[in-house]
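Chain letters run A, B, ... following the sequence lines, proteins first and then strands; every chain starts at 1. Values in this document were obtained by computation on a predicted structure and should not be read as measured data.
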Amino acid sequence: MAQNPAYEMIWQVIGAIPTGRVATYGQIAELAGIPGGARMVGRCLSQLPVDSQLPWFRVINASGKISLPIDSEGYKKQHELLQEEGVVVMNGRISLAKFRW
DNA sequence: CGGGTGACTATAA
DNA sequence: TTTATAGCCACCC
């Protein structure tokens with residue numbers, strides 16, 4: 001699991017994101033008590049198993065975009081899952097209305 | 001201990 | 001708007 005206690009907090013914060021809303025890496029890090037720990041959040045997600053129950057797809061970068069290569073499987077999956085929850089993605093960018101929670 | 005890396009960000013041009 | 005730079009921090013050689 002997590003050798004770093006911060007990971008527990010990160011998972012907890014991500015799990016608290018309401019359906020149909022999204023949050024940025026920086027936001028999550030801050031709420032988890034790790035100011036400036038955006039990269040840690042990203043690292044945490046990159047190690048997440050594919051069968052994780054965590055709503056990792058509700059996590060986007062500060063530009064309101066999906067932080068994955070547009071030609072990757074992860075991108076397509078995240079885009080699809082968000083669309084199912086009613087999150088509007090136009091021109092590769094998340095609607096600002098859903099940006100904060 | 002030092003250097004490279006990455007699902008990040010803020011700032012400057 | 002896009003690209004470049006510089007901080008950032010855990011992790012892996």
Side-chain angles (χ1 to χ4, degrees):
Chain A
M1 294 296 277
Q3 41 307 96
N4 191 327
Y7 282 39
E8 304 282 350
M9 294 300 299
I10 293 174
W11 294 332
Q12 185 177 318
V13 172
I14 293 178
I17 303 176
T19 301
R21 293 300 184 88
V22 295
T24 70
Y25 293 87
Q27 258 182 338
I28 292 169
E30 200 171 337
L31 290 175
I34 318 162
R39 304 198 77 135
M40 220 178 86
V41 176
R43 181 165 218 305
C44 189
L45 292 192
S46 70
Q47 295 174 1
L48 220 51
V50 291
D51 58 347
S52 173
Q53 301 290 327
L54 220 59
W56 59 269
F57 51 86
R58 295 180 187 146
V59 185
I60 60 179
N61 64 30
S63 300
K65 300 177 184 175
I66 294 176
S67 255
L68 281 174
I70 193 159
D71 55 0
S72 69
E73 289 302 311
Y75 180 95
K76 286 182 288 188
K77 183 174 182 180
Q78 179 168 15
H79 183 279
E80 181 182 293
L81 289 170
L82 286 176
Q83 194 170 262
E84 279 181 33
E85 298 192 338
V87 177
V88 181
V89 183
M90 296 189 74
N91 199 9
R93 202 181 306 177
I94 305 293
S95 171
L96 294 183
K98 310 278 185 179
F99 198 73
R100 311 241 169 204
W101 51 294

Show each protein N/O and nucleotides 1-8 of chain C N/O combination with a separation under 3.5 Å, one pair to a line.
residue : atom : partner : partner atom : Å
C/dG7   : O6   : A/Arg39 : NH1          : 3.4

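- A donor-acceptor pair under 3.5 Å links the side-chain atoms of A/Asn61 to the main chain of A/Ser63, judged by distance alone.
- Minimum heavy-atom separation, A/Ala2 to A/Tyr7: CB-CB, 3.5 Å.
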Please produce a list of atom pairs where a protein N or O lies less than 3.5 Å from an N or O of nucleotides 10-13 of chain C.
residue : atom : partner : partner atom : Å
C/dC11  : OP1  : A/Gln3  : OE1          : 3.4
C/dC11  : O4'  : A/Arg43 : NE           : 3.3
C/dC11  : O3'  : A/Arg43 : NH2          : 3.3

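- Contacts between residues 83-90 of chain A and DNA chain B, defined by a heavy-atom separation below 4.0 Å, involve no residue at all.
- Counting to the nearest Å, the P atom of B/dA7 and the CG atom of A/Leu54 are 17 Å from each other.
- Under the 4.5 Å side-chain criterion, counting only non-hydrogen atoms from C-beta, A/Arg93 is not in contact with A/Val89.
- Contact annotation: A/Ser67 side-chain N/O to B/dC8 OP1/OP2 distance is under 4.0 Å.
- Atoms CD1 (A/Ile14) and P (B/dA7) sit 15 Å apart, rounded to a whole Å.
- Looking only at side-chain heavy atoms (C-beta outward), A/Ile14 and A/Leu45 come within less than 4.5 Å of each other.
- One atom, CD1 of A/Ile10, and another, C1' of B/dC8, lie 12 Å apart when rounded to the nearest Å.
- Annotation: side chain of A/Trp11 is in contact with side chain of A/Leu48 (closest heavy-atom distance under 4.5 Å).
- We find that CD of A/Gln27 is positioned 10 Å from P of B/dA10, with the value rounded to whole Å.
- Separating the CD atom of A/Glu30 from the P atom of B/dT9 is a distance of 11 Å, rounded to the nearest angstrom.
- Under 3.5 Å, the side chain of A/Tyr25 and the base of B/dA7 form at least one donor-acceptor pair of N or O atoms.
- One finds a salt bridge joining A/Arg58 and A/Glu85 here, because a Lys/Arg side-chain nitrogen approaches an Asp/Glu carboxylate oxygen to under 4.0 Å.
- Rounded to whole Å, atom C1' of B/dC8 lies 8 Å from atom CG of A/Asn61.
- Rounded to whole Å, the separation between the P atoms of B/dA7 and C/dG7 comes to 22 Å.
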**Item:** Full working for side-chain contact (heavy atoms from CB on, under 4.5 Å) between A/Thr24 and A/Val59
**Value:** CA-CA 6 Å; A/Thr24 70; A/Val59 185; over 6 Å; no
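- Note: CD (A/Gln78) to P (B/dA7) measures 13 Å, nearest angstrom.
- Checking each of A/Glu73, A/Gln78, A/Glu80, A/His79 against A/Lys76 for a side-chain contact (heavy atoms from CB on, under 4.5 Å) leaves exactly one that passes, namely A/Glu73.
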